[in-house]
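A short write-up of the structure that comes next.
As the structure is a prediction and not an experimental result, all values here were calculated from the model.
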Amino acid sequence: MIDWKQVVQLEEDVGQEDFAEVVTLFLDEVDTAIEPLKTPKDVPLDTIESVMHFLKGSAYSLGFKVFGDYCSLGEKMAKSGSAAKVDLLQAVTLYEQSRAHFLREASQHCSFDAAA
């Protein structure tokens, strides 16, 4: 679910002292972007491609592989004219699972400690 090698690489790239801030910013931004997807009927079809693109990039940056892969698929579907077939609630579920897994396991792989 999480590509821990990517997480470690990100931590090395930004530095341990800034890593917690980067993770917190990422989670806040994705939490905000994912919120409208919880009510799929209210999401304009013409925005799905760009939302999936943003979420994909964010997901891969922090190692949320399964979520990123799903967003990549959703982006491709929307780009090919099948935006209505993208299961936005599945994206929400995968994000929530990935987020919970990351927060539960991060301290075993990097310096981020959700309990701190």
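Residues Val23 and Val14 share a single hydrophobic cluster, defined by chaining ILVMFWY side chains whose heavy atoms lie under 4.5 Å apart. By the rule that hydrophobic residues join a cluster once side-chain heavy atoms approach within less than 4.5 Å of another member, Leu37 and Leu89 end up as members of separate clusters. In the hydrophobic clustering of this structure, Val8 does not group with Met1; members are Ile, Leu, Val, Met, Phe, Trp, Tyr whose side-chain heavy atoms approach within less than 4.5 Å, directly or through other members. By the rule that hydrophobic residues join a cluster once side-chain heavy atoms approach within less than 4.5 Å of another member, Leu25 and Leu27 end up as members of separate clusters.
A ring-centre distance under 6.0 Å is found for Phe26 and Phe64.
In this structure, Leu88 and Met52 have side chains that are in contact, with non-hydrogen atoms separated by less than 4.5 Å. Considering only heavy atoms from C-beta on, Glu35 stays 4.5 Å or farther from Asp31 through its side chain. Taking the side chain as every heavy atom from C-beta outward, Lys65 and Ile2 never approach each other to under 4.5 Å. Here the side chains of Asp87 and Tyr70 are in contact, with some heavy-atom distance below 4.5 Å. When side chains are defined from C-beta on, Ile34 counts as touching Phe67, because their heavy atoms get closer than 4.5 Å. In this structure the side chain of Val7 reaches within 4.5 angstrom of the side chain of Phe19, judged on heavy atoms. Side-chain atoms of Asp42 and Pro36, non-hydrogen and from C-beta on, never get closer than 4.5 Å to each other. Side-chain atoms of Leu55 and Val30, non-hydrogen and from C-beta on, do get closer than 4.5 Å to each other.
The heavy-atom pair separating Phe54 from Ala33 by the smallest distance is CE2-CB, 3.7 Å.
With rounding to the nearest 0.5 angstrom, the CD atom of Glu105 is 11.0 Å from the SG atom of Cys110. Lys56 contributes atom NZ, which lies 3.5 Å from atom CD of Glu75 (distance to the nearest 0.5 angstrom). Gln90 contributes atom CD, which lies 10.5 Å from atom SG of Cys71 (distance to the nearest 0.5 angstrom). Going from atom CD of Glu49 over to atom OG of Ser80 covers 9.0 Å, rounded to the nearest 0.5 Å. Atom CG of Leu10 sits about 6.5 Å away from atom CG of Asp13, to the nearest 0.5 Å. If you take CG on Leu94 and NE2 on His101, they are separated by 13.0 Å, rounding to the nearest 0.5 Å.
For Glu17, the CD atom sits in a packed shell: over 12 heavy atoms of surrounding residues, nucleotides or ligands are nearer than 6.0 Å. Environment of NZ in Lys38: crowded, with over 12 heavy atoms of neighbouring residues, nucleotides or ligands closer than 6.0 Å.
One side chain, Tyr60 or Asp69, offers a donor N or O that lies under 3.5 Å from an acceptor on the other. Between Ser58 and Glu29, the side chains place no donor N or O within less than 3.5 Å of an acceptor N or O (distance only, hydrogens not considered).
No donor-acceptor pair closer than 3.5 Å links the side chain of Ser82 to the backbone N or O of Ala78.
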